**Q** 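This is the structure I want to talk about, given as structure tokens.
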2 protein chains.
Amino acid sequence: MTRPISDALHARIRRDIESRIMSGQWRPGHRIPYEHEWMEAYGCSRMTVNKALRSLVQSGLLESRKRAGTFVAAPRFHRAALEIPDIRAEVEGQGLTYRLDLLSRDRRKATEADKALLRVSSGDLLAIECRHFADDLPYALEHRLINLAAVPEAAEVDFSTQPPGSWLLAHVPWTEAEHRITAINADPATAQSLHVPENAACVALERWTWIGAGRDDERITYARQLYPGDRYALTAHFHA
Amino acid sequence: MTRPISDALHARIRRDIESRIMSGQWRPGHRIPYEHEWMEAYGCSRMTVNKALRSLVQSGLLESRKRAGTFVAAPRFHRAALEIPDIRAEVEGQGLTYRLDLLSRDRRKATEADKALLRVSSGDLLAIECRHFADDLPYALEHRLINLAAVPEAAEVDFSTQPPGSWLLAHVPWTEAEHRITAINADPATAQSLHVPENAACVALERWTWIGAGRDDERITYARQLYPGDRYALTAHFHA
DNA sequence: GACTCAATAATGTATATACTTAAATGCAGC
DNA sequence: GCTGCATTTAAGTATATACATTATTGAGTC
């Protein structure tokens with residue numbers, strides 16, 4: 001997942017700055033040398049220095065202010081890049097056999113509850129309940145709503161073999177998404193479905209997906225996935 | 001959290017491309033126009049076009065191949081940027097009163113268990129157990145190990161008022177970090193400590209933090225935070 | 001047809017230059 | 001001391017240009 005290291009000059013400058021920040025030599029708030037100082041130091045043009053700095057600004061390590069200079073940004077949070085693979089890919093990536101179990105599929109007009117979850121005001125949708133298996137052990141329980149106004153093709157798709165997440169990821173790419181991760185106790189039905197004891201702690205991952213950033217944004221899907229807490233962990237890595 | 005919109009030409013080109021991808025008009029694998037076509041379309045230089053494209057490549061929306069062109073990247077995961085604020089900031093950000101309760105503080109040579117968690121081979125460390133309160137309701141239970149070889153100053157800090165996470169974030173900036181999120185059932189002691197029923201589902205957030213990307217990396221700290229699942233949710237947003 | 005190899009065309013990198021923009025600085029006047 | 005204003009300086013944007021790199025294309029050969 002690491003970027004291929006490049007021997008380009010701007011990449012070297014970038015790495016040099018990065019390592020001085022990472023090592024703690026330059027702390028947040030520290031004003032790093034001016035662009036013209038870097039260009040002297042490396043005997044290159046300002047554009048080259050600028051390219052390095054801009055890329056560090058984009059990744060949040062630096063912050064520039066006109067006239068004042070460029071500063072090491074203050075980390076206000078622990079940032080991490082969470083990459084949630086689609087479940088089939090995740091299971092198969094672990095060398096296990098994936099199997100999907102479609103529990104229910106219902107095409108209906110949005111109920112009040114659906115509207116609240118999908119964040120739409122009306123329309124038809126597809127409601128799916130399914131279980132994901134890894135080597136015959138339940139891996140996740142999924143409840144999903146798909147907005148048919150946004151993705152009419154979904155009405156024709158056979159979700160008894162293809163997980164809805166995989167299909168959507170391939171067919172409705174590059175959407176905006178919001179995730180909510182919490183923990184819940186398995187109710188009796190969930191416990192039975194996931195083969196865990198009643199009240200077992202589960203990771204609940206909710207995801208809202210939509211297209212477009214403006215007012216005319218279009219809700220695509222809502223998904224809620226429950227994972228047995230003792231078999232599953234989300235991992236995230238911060239690298240800058 | 002949204003970037004300030006810029007009216008620079010390269011930013012406009014960027015937005016135009018972005019919106020065509022986000023709207024689904026250009027799907028993954030699609031070859032977008034060549035740089036020289038963009039420069040004709042906008043009547044600008046190639047460097048300006050290049051700036052827009054590079055920034056979209058950096059954020060993972062595009063992918064360039066020499067000679068072949070620039071393509072819409074295939075989203076293989078649901079990416080999300082997880083920003084985990086330090087607990088005090090998080091609580092106070094919600095308008096609640098923060099209070100820290102230091103349960104134990106122990107300076108010791110690393111035990112076998114410590115070594116495994118902190119991922120060091122030996123050395124002195126500081127082990128801290130504390131509870132974070134929001135308006136007199138327990139918010140999180142924290143178990144933390146700090147490697148004194150990496151952060152000797154920590155030995156002198158008074159962690160009865162200042163949460164270790166806040167202090168570390170301010171004093172050991174820009175580190176690498178790995179997060180692991182899972183769900184567990186509260187054991188009797190934890191339940192009592194967090195004022196939740198026994199076996200209540202809790203979000204368990206583990207974080208390993210170190211400095212430097214090479215072999216000579218230095219382990220800073222290990223933290224495990226338990227949050228009552230019914231009072232707490234991690235949220236993450238993907239925006240591209 | 002399959003293989004080799006050179007021409008081609010697109011991105012990648014870098015330079016030198018010029019003008020714009022915004023904020024820190026310092027000076028003048030009250 | 002404080003305020004307002006002009007100055008200055010560093011980053012921001014953009015251009016035109018050149019050469020490097022590399023994967024594709026296609027022509028020529030076996």
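Treat the numbers as computed from the prediction; the structure is a model and nothing was measured. Letters go in sequence order (proteins before strands), and every chain restarts at 1.
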**Q** So which nucleotide from dT11(C), dT13(D), dT13(C) ends up closest to the side chain of Ala8(A)?
**A**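 So the side chain of Ala8(A) is nearest to dT13(C).
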**Q** Write down the distance between CG (Leu53(B)) and P (dT13(C)), rounded to a whole number of angstrom.
**A**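 Result: 13 Å.
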**Q** Regarding Arg119(B) and the six-membered ring of Tyr222(B), is the cationic atom NZ or CZ under 6.0 Å from the ring centre and inside 45° of its axis?
**A**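 The answer is no; the distance or angle limit is not met.
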**Q** Under 3.5 Å, is there a donor-acceptor pair between the side chain of Ser23(A) and the main chain of Gln25(A)?
**A**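 A pair under 3.5 Å: yes.
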**Q** For Arg54(A) and for Ala68(A), locate the closest nucleotide of DNA chain D by heavy-atom distance; then report the residue assigned to the nucleotide nearer the 5' terminus.
**A**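 Between the two, 5'-proximity favours Ala68(A).
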**Q** Write down the distance between CD (Gln58(B)) and P (dG12(C)), rounded to a whole number of angstrom.
**A**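 After rounding, the reported distance stands at 13 Å.
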**Q** Starting at NE2 of His36(B) and ending at P of dA16(D), how long is that distance when rounded to a whole Å?
**A**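 In whole Å, dA16(D) P lies 16 Å from His36(B) NE2.
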**Q** Ignoring hydrogens and geometry beyond distance, is the side chain of Arg67(B) in donor-acceptor contact with the base of dT8(C) at under 3.5 Å?
**A**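 Flag set: donor-acceptor pair detected.
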**Q** If you check every side-chain atom of Thr70(A), which of dT15(C), dT15(D), dA11(D) has the closest atom?
**A**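 For Thr70(A), the side-chain atoms sit closest to dA11(D).
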**Q** Over 60° means perpendicular and under 30° means parallel, so classify the ring planes of Tyr227(A) and Tyr232(A), tilted if in between.
**A**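 The rings of Tyr232(A) and Tyr227(A) lie parallel, inter-plane angle below 30°.
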**Q** Taking CD from Glu35(B) and C1' from dG12(C), how many angstroms apart are they, rounded to a whole number?
**A**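 Going from CD in Glu35(B) over to C1' in dG12(C) covers 9 Å.
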**Q** Glu37(A) vs Arg31(A), test: salt bridge (Lys or Arg N to Asp or Glu O under 4.0 Å). Steps then yes/no.
**A** CA-CA 12 Å; Glu37(A) 297 179 280; Arg31(A) 207 208 80 231; 3.7 Å; yes
**Q** Return the minimal non-hydrogen interatomic distance between Leu118(A) and Ile146(A), and the atom names on each side.
**A**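 Smallest heavy-atom distance, with atoms named: CD2-C, 4.4 Å.
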**Q** In whole angstrom, what separates Tyr34(A)'s OH from dA23(C)'s C1'?
**A**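 The distance from OH of Tyr34(A) to C1' of dA23(C) comes to 12 Å, rounded to the nearest Å.
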**Q** Regarding Leu9(A), tell me which of base, sugar-phosphate or nothing describes its non-hydrogen contacts under 4.0 Å with the strands shown.
**A**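 Counting heavy atoms under 4.0 Å across all strands, the contact made by Leu9(A) is with sugar-phosphate only.
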**Q** When you get a sec, tell me which of dA16(D), dG12(C), dT13(D) is the closest nucleotide to the side chain of Ser64(B)?
**A**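 Looking only at heavy atoms from C-beta outward on Ser64(B), the closest nucleotide is dG12(C).
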**Q** If you pin Lys51(A) and Lys66(A) to their nearest nucleotides in DNA chain C, which one's is more 5'?
**A**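 Closer to the 5' end of DNA chain C: Lys51(A).
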**Q** Using heavy-atom distances to pick each residue's nearest nucleotide on DNA chain C, tell me which of Arg65(A) and His10(A) is more 5'.
**A**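 So the residue in question is His10(A).
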**Q** I need the CZ-P distance between Arg46(B) and dT11(C), as an integer number of Å.
**A**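 One finds 7 Å between P of dT11(C) and CZ of Arg46(B), rounded.
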**Q** Roughly how many Å is it from CZ in Arg31(A) to P in dT9(D), rounded to a whole number?
**A**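 Checked: the CZ to P distance equals 14 Å.
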**Q** Nearest-Å distance, CD1 (Ile13(A)) to C1' (dA14(C))?
**A**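 So the two atoms are 11 Å apart, to the nearest Å.
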